[in-house]
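All values below were derived from every heavy atom in this structure, side-chain atoms included, with hydrogens, water molecules and symmetry-related copies excluded. In listed order, ligands and their atoms are each counted from 1.
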Amino acid sequence: MDKIYLDYAATTPVHPRVLDAMLPYFSQNFGNPSSVHTFGQQAEAALEGSREKVAEVLNSAPDEIIFTSCGSESDNLALRGAALAARQERGANHILISPVEHHAVSNTAQHLERLFGCKLEYLPVDQHGCVDPTEVSKRLRQETAVVSVMYANNEIGSINPIAEIGAICRERGIPFHTDAVQAAAYLPVDVEQLNIDLMALGAHKFYGPKGVGALYIRRGTPLLPVLTGGGQEFGMRAGTHNIPYIVGMAEALKLADQERQVRIDHLLPLRNRIIGRVLEEIQDSQLTGHPLNRLSNHASFVFEGVDGNELLMLLDVAGYACSSGSACKTGDPEPSDVLLAIGLSRSWALGSLRVTLGLETTPGQIESFLETLPGLVQQIRGFAESS
Ligand SMILES: *Cc1c(COP(=O)(O)O)cnc(C)c1O
């Protein structure tokens, strides 16, 4: 039996057109863009062409795009680079983040707090995990080094009012970073409309290859490099460029931008069907994240009295690949920080399920999934009662 993949928030397959674009750069065009000769020039042309493609989607200048090795590295460079620059330039050491950030942001902020003496403050979120812009306004200080609020949440799908938060930070002259790794596949990423200074992207969340990301850095934003060495990427990120992956990322982002509405039109009814049926058919279930203002491919739930990891294993045996939240948490018996931050009790938060859809998802797959899931939840609850 064919396994059905419903975990597109964890990663996506490489789109055939992206793979085609990448292939020549592994072999024929293998040059190092830093070399002076023709091989190097060809690689440099591919690099700068990719930078222009990404910049076009983001409505930025090409030299405001830095290629990195992943979304996590982009988040690290944004937060650590902005915090250390703000400290050096103006003695600022206050960092403001939401409590539902991906670990790439939250662990970096905690690292800055523990080892660099930064003062880390968390914004409140509502029951959907959304940040109220007025709460940002209340907490901004002169010594705020950087504010980081994610665009769309990977675990619960909620979308934050990034443009409003960005406008508030802009007015006060504080750099604003957003983690758009999960958002870029389905939401507009125009950095002018969104009032963004720093934005992290990761290619493998939108049908590009794993191991490549980008950071948008608005011109004039104070930032120190994290990876030092050669002068690649305007001195902001040393290391020989991974040209095939960079070419793949640019192609994947261009495709995501061109096909955005078509992809949304395909997925939204399927996502709504899952949410409607699950809440109707499974007792003691709740949707996590915002009911409307959420990613078009993202359905997430909690079931009371259900071990989420056990449910994932039963689903896998039945042929369905889902997640309980952030993929990085697999095997971790502790409830997710994100689910606790939105006010769920431990016993609800341990029973989480994330179902995320993508290009290959069909209505038939969703119907068969919906026929299987309620029985598995009941089976686990039955075991729990009889033991
Ligand atoms: C996946 C993800 C990341 C990490 O990106 P990688 O490219 O896997 O390092 C960061 N933030 C969010 C919201 C994500 O979904």
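The local environment of CD in Gln193 is sparse, with at most 12 non-hydrogen atoms from other residues, nucleotides or ligands closer than 6.0 Å.
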Starting from the C-alpha separation in whole Å, work towards a yes-or-no answer on side-chain contact (heavy atoms from CB on, under 4.5 Å) for Asp284 and Phe303.
CA-CA 6 Å; Asp284 296 315; Phe303 307 114; over 6 Å; no
Would Gln261 and His266 count as a side-chain contact (heavy atoms from CB on, under 4.5 Å) if you check the C-alpha gap in whole Å, the side-chain angles of each, and the deciding distance to 0.1 Å?
CA-CA 9 Å; Gln261 199 51 51; His266 162 61; over 6 Å; no
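Between His37 and Phe39, the ring-plane angle classifies as perpendicular under the 30° and 60° cut-offs.
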Acceptor/donor pairs from residues 13-35 side chains to any protein atom, 3.5 angstrom cut, sequence neighbours excluded:
residue: His15; atom: ND1; partner: Arg17; partner atom: N; Å: 3.0
residue: Asn32; atom: OD1; partner: Ser34; partner atom: N; Å: 2.9
residue: Ser35; atom: OG; partner: Asn32; partner atom: O; Å: 3.2

Note down each nitrogen or oxygen pair, ligand 1 side and protein side, whose separation is under 3.5 Å; give only atom names and the distance to 0.1 Å.
residue: ligand 1; atom: 7 (O); partner: Gly71; partner atom: N; Å: 2.8
residue: ligand 1; atom: 7 (O); partner: His204; partner atom: NE2; Å: 3.4
residue: ligand 1; atom: 8 (O); partner: His204; partner atom: NE2; Å: 2.8
residue: ligand 1; atom: 9 (O); partner: Ser72; partner atom: N; Å: 2.9
residue: ligand 1; atom: 9 (O); partner: Ser72; partner atom: OG; Å: 2.7
residue: ligand 1; atom: 11 (N); partner: Asp179; partner atom: OD1; Å: 3.3
residue: ligand 1; atom: 11 (N); partner: Asp179; partner atom: OD2; Å: 2.6
residue: ligand 1; atom: 15 (O); partner: Gln182; partner atom: NE2; Å: 2.7
residue: ligand 1; atom: 15 (O); partner: Lys205; partner atom: NZ; Å: 2.7

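A distance of 5.5 Å separates CZ in Phe301 from CD1 in Ile275, rounded to the nearest 0.5 Å.
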